[in-house]
Novice: 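I'd like to ask you about the structure that follows.
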Amino acid sequence: MDPRTKLMASFYYIGIIFLANNWQTYLVMFLATMVMIWASKIKMGFFLRGVRPLLWLILFTVALQVLFARGGTVYWHWGWLWITQQGLINGAYIFMRFVLIIFVSTLLTLTTQPLSLADAVESLLKPLRLIKVPVTELALVLQIALRFVPTLMDQTSKIMNAQRARGVDFGTGNIFQQMKAVVPLLIPLFVSSFSTADDLATAMESRGYQGGDGRTKYRVLHYHNADWLAGGAMVVLTVLLVILRR
């Protein structure tokens, strides 16, 4: 599929998740997500690993819904804490919403190359050129940021190993001690990042970079039948959600 279609469909899908307000609509969204995952031929383990880093945030948000939302049968009550039927339902819906959003975001990143995403953003923002927005430069910044993420991760690993060799322990102590231990990591990382950015800017200037005016594209984006089919599927999904809402 065209990266523009995948990007727009992902944002649209995340938007219509908030139309779901009962178990029928969430079931439809879950089945639609499973169909997309099946079509991608990617193992389910990749998507579950995407949920793991945010699991505590999800559980914290669910706990807030369960303990503070009121309505329906009261199952437990102590002071200002409640566990009610409506709270449990809201907690289940919030949990499902988080998981679906993470699954769709993971699907987008696993099936689309970072440079293709940057090209899609540039293409979708082209109308903003009419109001003098530097669309090409914004896309270039996005491409450079995505390109240097692995480089920064590699530099972080090297700096952490160097600091460990000097006796720094990043995993022990209370939260303030751990924050203090991160300072020797952040300072050299920032210095290295600014040095890399300066070298890159010098290299671009020496090669005569003048922005995107008059430049052609090596990767030309085209819509195909699968893109129109995906757009139709999103319309059908939206209609189903509207019909099943109460």
Side-chain angles (χ1 to χ4, degrees), residues 1-21 24-44 46-51 53-54 58 93-94 96-147 149 211-213 215-245:
M1 291 174 57
D2 190 285
R4 294 171 295 182
T5 302
K6 288 191 281 188
L7 187 61
M8 290 188 296
S10 298
F11 280 110
Y12 183 79
Y13 182 90
I14 292 173
I16 63 175
I17 283 177
F18 294 92
L19 291 177
N21 65 345
Q24 294 98 329
T25 50
Y26 276 102
L27 178 61
V28 169
M29 297 299 290
F30 179 77
L31 293 177
T33 306
M34 292 300 103
V35 169
M36 289 189 287
I37 292 176
W38 171 81
S40 69
K41 309 298 183 183
I42 299 175
K43 294 181 179 180
M44 193 66 185
F46 288 97
F47 299 92
L48 297 178
R49 283 195 289 270
V51 176
L54 297 175
I58 297 173
Y93 289 166
I94 290 294
M96 193 69 177
R97 188 175 296 171
F98 267 110
V99 170
L100 291 177
I101 291 175
I102 294 172
F103 278 8
V104 171
S105 303
T106 305
L107 181 65
L108 174 65
T109 55
L110 288 179
T111 60
T112 313
Q113 295 180 354
L115 292 181
S116 297
L117 280 177
D119 289 339
V121 171
E122 180 181 2
S123 179
L124 293 174
L125 294 181
K126 274 184 178 180
L128 296 180
R129 289 178 176 173
L130 298 176
I131 55 175
K132 305 301 182 181
V133 175
V135 174
T136 304
E137 284 70 21
L138 291 176
L140 177 64
V141 170
L142 178 59
Q143 290 182 6
I144 293 174
L146 294 174
R147 162 62 183 83
V149 166
D213 297 335
R215 293 174 62 91
T216 58
K217 286 288 185 181
Y218 177 72
R219 295 178 297 272
V220 181
L221 302 180
H222 295 289
Y223 290 109
H224 301 89
N225 292 334
D227 301 299
W228 301 111
L229 181 62
M234 286 297 167
V235 173
V236 172
L237 184 60
T238 306
V239 173
L240 284 175
L241 291 178
V242 173
I243 293 175
L244 294 175
R245 277 174 58 90

Novice: Once you round to the nearest 0.5 Å, how far does CZ of Phe98 lie from CG of Leu54?
Specialist: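 Phe98 CZ to Leu54 CG: 8.0 Å, rounded to 0.5 Å.
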Novice: Nearest 0.5 Å please: distance from the CG atom of Asn21 over to the OH atom of Tyr93.
Specialist: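 The OH atom of Tyr93 is 7.0 Å from CG of Asn21, to the nearest 0.5 Å.
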Novice: Determine whether Ile37 and Ile42 satisfy the following criterion, side chain to side chain contact (heavy atoms under 4.5 Å, CB included), listing intermediate values before the conclusion.
Specialist: CA-CA 7 Å; Ile37 292 176; Ile42 299 175; 5.7 Å; no
Novice: With side chain to side chain contact (heavy atoms under 4.5 Å, CB included) as the criterion, how do Val51 and Ile58 come out once you've worked through the C-alpha distance, each side chain's angles and the decisive distance to 0.1 Å?
Specialist: CA-CA 9 Å; Val51 176; Ile58 297 173; 4.1 Å; yes
Novice: Do Arg129 and Thr136 meet the criterion of a side-chain donor-acceptor pair at a distance under 3.5 Å?
Specialist: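 Present: a donor and an acceptor within the cut-off.
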Novice: Please check if the number of heavy atoms outside Tyr223 that lie under 6.0 Å from its OH is greater than 12.
Specialist: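 More than 12 heavy atoms, drawn from other residues, nucleotides or ligands, come within 6.0 Å of this atom.
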Novice: Answer yes or no: are there more than 12 heavy-atom neighbours, outside Tyr12 itself, under 6.0 Å from its atom OH?
Specialist: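 Yes, OH of Tyr12 has more than 12 neighbouring heavy atoms, counting only those of other groups under 6.0 Å.
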Novice: Where is the tightest heavy-atom contact between Lys6 and Thr111, given as atom of each residue plus distance?
Specialist: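 That would be NZ-O, 2.7 Å.
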Novice: For side chain to side chain contact (heavy atoms under 4.5 Å, CB included), just list the numbers for Ile14 and Ser105, CA-CA rounded to whole Å, side-chain angles, deciding distance to a tenth of an Å, and then say yes or no.
Specialist: CA-CA 9 Å; Ile14 292 173; Ser105 303; 4.1 Å; yes
Novice: Measuring from Met1:CE to Ser40:OG, what's the distance to the nearest 0.5 Å?
Specialist: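 Result: 11.5 Å between the selected atoms.
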Novice: Please name the pair of heavy atoms, one in Met8 and one in Leu124, separated by the smallest distance, quoted to 0.1 Å.
Specialist: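 So the two residues come closest at SD-CD2, 3.7 Å.
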Novice: Between CE of Met29 and CD1 of Ile16, what distance do you get to the nearest 0.5 Å?
Specialist: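 Atom-to-atom, Met29:CE and Ile16:CD1 are 4.5 Å apart.
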Novice: Mind checking whether Val141 and Glu137 have side chains closer than 4.5 Å, heavy atoms only?
Specialist: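 No; the side chains remain at least 4.5 Å from each other.
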Novice: Determine whether Leu221 and Pro3 make a side-chain contact, defined as any pair of heavy atoms from C-beta on separated by less than 4.5 Å.
Specialist: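 Leu221 reaches Pro3 side chain to side chain.
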Novice: Determine whether Met44 and Phe103 satisfy the following criterion, side chain to side chain contact (heavy atoms under 4.5 Å, CB included), listing intermediate values before the conclusion.
Specialist: CA-CA 10 Å; Met44 193 66 185; Phe103 278 8; 3.4 Å; yes
Novice: Under 3.5 Å, is there a donor-acceptor pair between the side chain of Thr109 and the main chain of Thr106?
Specialist: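 At least one qualifying donor-acceptor pair exists.
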Novice: Checking the side chain of Ser123 only, and the main-chain atoms of Asp119 only, is there a donor and an acceptor separated by less than 3.5 Å?
Specialist: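 No.
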Novice: How far does CZ of Arg245 sit from CD1 of Ile243, to the nearest 0.5 angstrom?
Specialist: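 So the gap between those two atoms works out to 13.0 Å.
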Novice: State, to 0.1 Å, how close Met36 and Leu107 come at their nearest heavy-atom pair, and which atoms those are.
Specialist: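 Shortest heavy-atom contact: CB-CD2, 3.7 Å.
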Novice: Please confirm whether the backbone N or O of Thr5 pairs with a side-chain atom of Asp227, one donor and one acceptor, at under 3.5 Å?
Specialist: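 Here the side-chain-to-backbone pair does not exist.
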Novice: Considering only heavy atoms from C-beta outward, does the side chain of Glu122 approach that of Leu138 to under 4.5 Å?
Specialist: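 No. Closest side-chain heavy atoms not under 4.5 Å.
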Novice: Looking at CD1 of Ile101 and OG of Ser10, how far apart are the two atoms once the value is rounded to the nearest 0.5 Å?
Specialist: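 With rounding to 0.5 Å, CD1 (Ile101) is 11.5 Å from OG (Ser10).
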Novice: What heavy-atom pair brings Ala118 and Leu142 nearest, and what distance separates the two atoms?
Specialist: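 So the minimum-distance heavy-atom pair works out to CA-CD2, 3.9 Å.
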Novice: Answer whether the closest heavy-atom distance between the side chains of Leu108 and Leu117 falls below 4.5 Å.
Specialist: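 Counting from C-beta outward, Leu108 and Leu117 do come under 4.5 Å.
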